[in-house]
Amino acid sequence: MKIALRVLLGYFLIVALAALLLVNVFLQQVKPGVRQAMEDTLADTANLLAELASDDLLAGRIADGRFATRVRAMTGRELDADIWGQAKRRASYRVTITDARGIVVFDSAGREVGRDNSRWNDVYRTLRGQYGARSTRDDPDDEASTVMYVAAPIHDAGGIAGVLTVSKPNRSIQPFIERSQDTILRWGWVLLGSALLVGGLAAWWLSRQLAALRRYADAVARGERATLPDAAGEFADLGRALESMRRQLEGKQYVERYVHALTHELKSPLAAIRGATELLEGPLPEADRARFVASIDAQGRRMAAMVDRLLALAALEHREGLDAPLPLDLAALAGDALDDAAARAQARGVQVRLQVDEGLPAVSGDAFLLRQLLANLVDNAIDFSPAGGVVEVRLRARPDGLRIEVGDRGPGIPDFALERVFERFYSLPRPDGGARGNGLGLNFVAEIAKLHGGTVSLANRDGGGAVAVVVFPVA
């Protein structure tokens, strides 16, 4: 499981648990909260009505007095009220009054007159000077049929003359409870959805940052030129740490590879110079002496060229990118490279031909490096061309980009060497039996092509010879 997915799941789990806990607490508190508010209202109402009913109760006319008449009128009143979207047509209060013994002497509903309510909690506690209230089901089998009763005492000069109880069905406030619960649940889902969205965005950002650093590390591991990706916060610190580690490791490996390769390559010319020097210490015919001196000079030049190319290659490999690339006319650069190689080609009896497609697009890059790339390809083709051969240089515009093709008609490349021709110091014997190259020329070409975002390949041609192909993106 990816770390971004783990972060998302962990974050969402924590938020979901917290949201569920909060929603559950709110849902559980809605019903008792609303009922507590209703009980508070009933207590005020009961005490108010108890004061209004005291005169009729003490005068013995509670059943048909002015209070009873007004209460019965209230139960028949049309309210036509709209309370937070809930229609209310009639009052849901019920008023009962008991005497000092707990016997019902007035019932606004007319159902319980004469019944003994002295054992009910509201009457029982109120007659003893306490707060009396209860919640009782009208139907023992129906939980939704509960009715809340709140009582208040009716006083006379000698104490409590009776109890007035105001009752209200809990189902009358159930729509408000359900509305509040629905609102809490709806916003709870909104909270979870928002948490999932925020968590998803955070996980996507985290995954994007890590993926960029991973691609960078993979590219470095493959030996490609990689640019440190833009990052923020600690990811930027991690990227800089990776970049620093890469440079240090590459520096150590670079020195190790170069020292090893250079030591290996210098052994052959140094051995030739040492052997010629030993022979020159003794008496030799003039012709042999001249031949050995020429050999020492050739090997010295070879070592000097090797060192020069190594220095140029080292400078190229340490470049992270082109400083100021410009749109360049590759045909003009190819013409300059061929002019420079004309003397070598003539000395070896090789013809060099240039073919350029019409409407050739420009290529973005460094003029000096691209000219050096063309020169190295042409020099390599001349070295492996037989006397009287032809080196063909073609510049073509293709859908995949601008192509440089440099081909010769030499012996071609052995199969075992096809995968190694671009390795540093790897070289093949020349067809004329001359000194082997040091392999730095094609490696230099590969580095220049990579620096310009291009690719390079070398393959055998039908009918003999080999062709090097470089493909650049069009500017």
Side-chain angles (χ1 to χ4, degrees), residues 28-77 79 88 90-177:
Q28 290 179 353
Q29 291 300 316
V30 168
K31 182 182 290 187
V34 173
R35 290 187 176 180
Q36 288 165 8
M38 186 177 75
E39 182 178 350
D40 179 76
T41 302
L42 289 176
D44 290 343
T45 303
N47 281 275
L48 174 62
L49 294 178
E51 292 295 328
L52 297 175
S54 60
D55 291 341
D56 285 351
L57 179 64
L58 295 176
R61 58 175 182 271
I62 190 61
D64 56 1
R66 189 176 182 84
F67 177 81
T69 301
R70 296 305 182 190
V71 169
R72 291 190 184 101
M74 181 270 295
T75 59
R77 181 188 288 263
L79 300 183
K88 185 175 180 66
R90 293 185 181 276
S92 54
Y93 278 158
R94 179 185 173 189
V95 180
T96 59
I97 300 176
T98 65
D99 59 18
R101 297 173 299 157
I103 303 302
V104 177
V105 294
F106 173 77
D107 180 4
S108 62
R111 298 197 303 262
E112 296 183 357
V113 176
R115 195 177 79 170
D116 185 3
N117 281 358
S118 62
R119 306 304 300 174
W120 289 110
N121 205 39
D122 55 324
V123 177
Y124 179 83
R125 293 175 61 86
T126 303
L127 288 174
R128 284 157 180 75
Q130 302 172 2
Y131 172 67
R134 64 184 168 95
S135 182
T136 307
R137 294 183 185 182
D138 277 350
D139 182 355
D141 298 326
D142 185 4
E143 183 181 359
S145 67
T146 57
V147 179
M148 184 177 295
Y149 298 83
V150 177
I154 299 176
H155 297 282
D156 65 2
I160 298 177
V163 175
L164 183 143
T165 299
V166 179
S167 61
K168 185 178 181 67
N170 284 321
R171 69 171 70 247
S172 65
I173 60 171
Q174 187 63 30
F176 302 103
I177 295 175

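Bear in mind the structure is a predicted one, so any value in this text is a computation, not a measurement.
- Sequence neighbours left out, not one pair with a member in residues 36-49 passes salt bridge (charged side-chain N to carboxylate O under 4.0 Å, His left out).
- Considering only heavy atoms from C-beta on, K168 stays 4.5 Å or farther from V147 through its side chain.
- Annotation for D156 and A161: closest pair OD2-CB, 3.8 Å, computed over non-hydrogen atoms.
- For P140 against D138, the heavy-atom pair with the smallest separation is CD-O, 3.8 Å.
- Of the listed residues (I97, T96, L49), just one forms a side-chain contact (heavy atoms from CB on, under 4.5 Å) with T165, and that residue is T96.
- L164 approaches V166 most closely through the heavy-atom pair CD2-CG2, 3.6 Å.
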Margin query: Please determine whether side chain to side chain contact (heavy atoms under 4.5 Å, CB included) holds for the pair V163 and D122, giving the CA-CA distance in whole Å, both sets of side-chain angles, and the decisive distance to 0.1 Å.
Written below: CA-CA 9 Å; V163 175; D122 55 324; 5.8 Å; no
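- Pairs passing the side-chain hydrogen bond (donor to acceptor under 3.5 Å, both in side chains) check and including a residue from residues 98-107, sequence neighbours excluded, read R94-D107, D99-R101.
- When every heavy atom of V150 is checked against every heavy atom of A46, the shortest pair comes out as O-CB, 3.7 Å.
- Residues passing the salt bridge (charged side-chain N to carboxylate O under 4.0 Å, His left out) test with R171, sequence neighbours excluded: D142.
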Tell me which donor-acceptor pairs under 3.5 Å the side chains of residues 54-64 have, and how far apart each pair is, sequence neighbours excluded?
residue : atom : partner : partner atom : Å
S54     : OG   : E51     : O            : 2.9
D56     : OD1  : R61     : NE           : 3.1
D56     : OD2  : R66     : N            : 3.3
D56     : OD2  : F67     : N            : 2.8

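- Applying the side chain to side chain contact (heavy atoms under 4.5 Å, CB included) criterion to Y124, with sequence neighbours excluded, gives R119, R128.
- Between the side chain of R125 and the main chain of Y131, a donor-acceptor pair closer than 3.5 Å is present.
- In this structure, S118 contributes its side chain and G102 its backbone to no donor-acceptor pair below 3.5 Å.
- Between the OG1 atom of T146 and the CZ atom of R134 there is a distance of 12.0 Å, given to the nearest 0.5 Å.
- With sequence neighbours excluded, the residues satisfying salt bridge (charged side-chain N to carboxylate O under 4.0 Å, His left out) with R115 are E112.
- Counting heavy atoms from C-beta on, the side chains of Y149 and T136 come closer than 4.5 Å.
- Using a 4.5 Å heavy-atom cutoff, the side chains of Y93 and V71 are not in contact.
- Taking every heavy atom of both residues into account, G129 and I160 meet most closely at N-CD1, 4.1 Å.
- Surrounding CZ of R72 are more than 12 heavy atoms belonging to other residues, nucleotides or ligands, all under 6.0 Å away.
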